[in-house]
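Structure first, commentary second.
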Amino acid sequence: QVQLVESGGGLVQAGGSLRLSCAASGRTFSSYNMGWFRQAPGKDREFVAAIIWSGPRTYYGDSVKGRFTISRDNAKSAVYLQMDSLKPEDTAVYYCAATKSVVRLTSSLVYDYWGQGTQVTVSS
């Protein structure tokens, strides 16, 4: 069982940066692959980034490549999303999620645990 709590969302101007954090509880956090997803009003949930349990391998959605960076600290049971060069279209609720799956990490369907989400609003 893993419980996830996101933080770090807020209002930022276009071109600015935010760093989201996701704190996990549970003794087996280090064995989970972690992902970030986002959902804007009226739109489907969208894959943002994922990182495997050991850390070095990462995946990004096309819309955020080169601007967002996912990282994790297993000692702190935390995963982070550094968001730079933010655009108004990045506005959404951002969710972190955990999975034991090693395939299809870009699909929300493989994730077993989800946080409550944190709102990110980028003004133009």
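We count residues from 1, following the sequence as given. These figures come from a predicted structure and were not determined experimentally.
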Going by atom types alone, do E46 and S63 pair a side-chain donor with an acceptor below 3.5 Å?
-> yes
State whether a side-chain donor-acceptor pair under 3.5 Å links T99 with N33.
-> no
Establish, for the pair R72 and W53, whether the NZ or CZ atom is under 6.0 angstrom from the six-membered ring centre and no further than 45 degrees off its axis.
-> no
Would you please test R19 and L81 for side-chain contact (heavy atoms from CB on, under 4.5 Å) and show each step?
-> CA-CA 6 Å; R19 187 190 193 212; L81 186 68; over 6 Å; no
Rounded to the nearest 0.5 Å, what separation is found between the [atom1] atom of [X] and the [atom2] atom of [Y]?
X: E6; Y: C96; atom1: CD; atom2: SG; result: 4.0 Å
X: S31; Y: K100; atom1: OG; atom2: NZ; result: 2.5 Å
X: S108; Y: R45; atom1: OG; atom2: CZ; result: 6.5 Å
X: D112; Y: Q1; atom1: CG; atom2: CD; result: 10.0 Å
X: L109; Y: R104; atom1: CG; atom2: CZ; result: 6.0 Å
X: M34; Y: N74; atom1: CE; atom2: CG; result: 9.5 Å

Over 12 non-hydrogen atoms of neighbours within 6.0 angstrom of NZ in K76 | no
If you count the non-hydrogen atoms of other residues, nucleotides and ligands that lie under 6.0 Å from CD in Q3, is the total more than 12?
-> no
Which pair of non-hydrogen atoms, one from [X] and one from [Y], has the smallest distance, and what is that distance?
X: S124; Y: P88; answer: CB-CG, 3.8 Å
X: A24; Y: V2; answer: CB-CG1, 4.2 Å
X: Y32; Y: A98; answer: CD2-CB, 3.9 Å
X: A92; Y: A40; answer: CB-N, 3.8 Å

Indicate yes or no: does D62 engage K65 in a salt bridge with an N to O separation below 4.0 Å.
-> yes
Could you state whether [X] and [Y] fall into the same hydrophobic cluster, counting links through intermediate Ile, Leu, Val, Met, Phe, Trp or Tyr residues with side-chain heavy atoms under 4.5 angstrom apart?
X: Y60; Y: L18; value: yes
X: L86; Y: L20; value: yes
X: Y111; Y: Y80; value: no

Are any of the side-chain heavy atoms of L4 and W114 separated by less than 4.5 Å?
-> no
Check whether any side-chain heavy atom of K43 lies under 4.5 Å from a side-chain heavy atom of R38, and answer yes or no.
-> no
Any chance you could lay out the side-chain contact (heavy atoms from CB on, under 4.5 Å) test for Q82 and S71, step after step, and finish with the verdict?
-> CA-CA 8 Å; Q82 177 67 40; S71 62; over 6 Å; no
Please answer whether the main-chain N or O of T121 pairs with a side-chain N or O of T91 as donor and acceptor at a distance below 3.5 Å.
-> no
Give a yes or no answer on whether the side chain of D90 reaches the backbone of V120 with a donor-acceptor pair at less than 3.5 Å.
-> no
Measure up the Y94 and F68 rings against each other and bin them: parallel (under 30°), tilted (30 to 60°), perpendicular (over 60°).
-> tilted
Take F37 and Y95 through the ring-ring contact (aromatic ring centres under 6.0 Å, His included) test and state the conclusion after the steps.
-> CA-CA 5 Å; F37 289 77; Y95 300 89; 8.8 Å; no
side-chain contact (heavy atoms from CB on, under 4.5 Å) between I52 and Y59: does it pass, once the steps are laid out?
-> CA-CA 9 Å; I52 66 169; Y59 306 88; 4.1 Å; yes
Stepwise, does the side-chain contact (heavy atoms from CB on, under 4.5 Å) test hold for V103 with V110?
-> CA-CA 8 Å; V103 297; V110 307; 5.9 Å; no
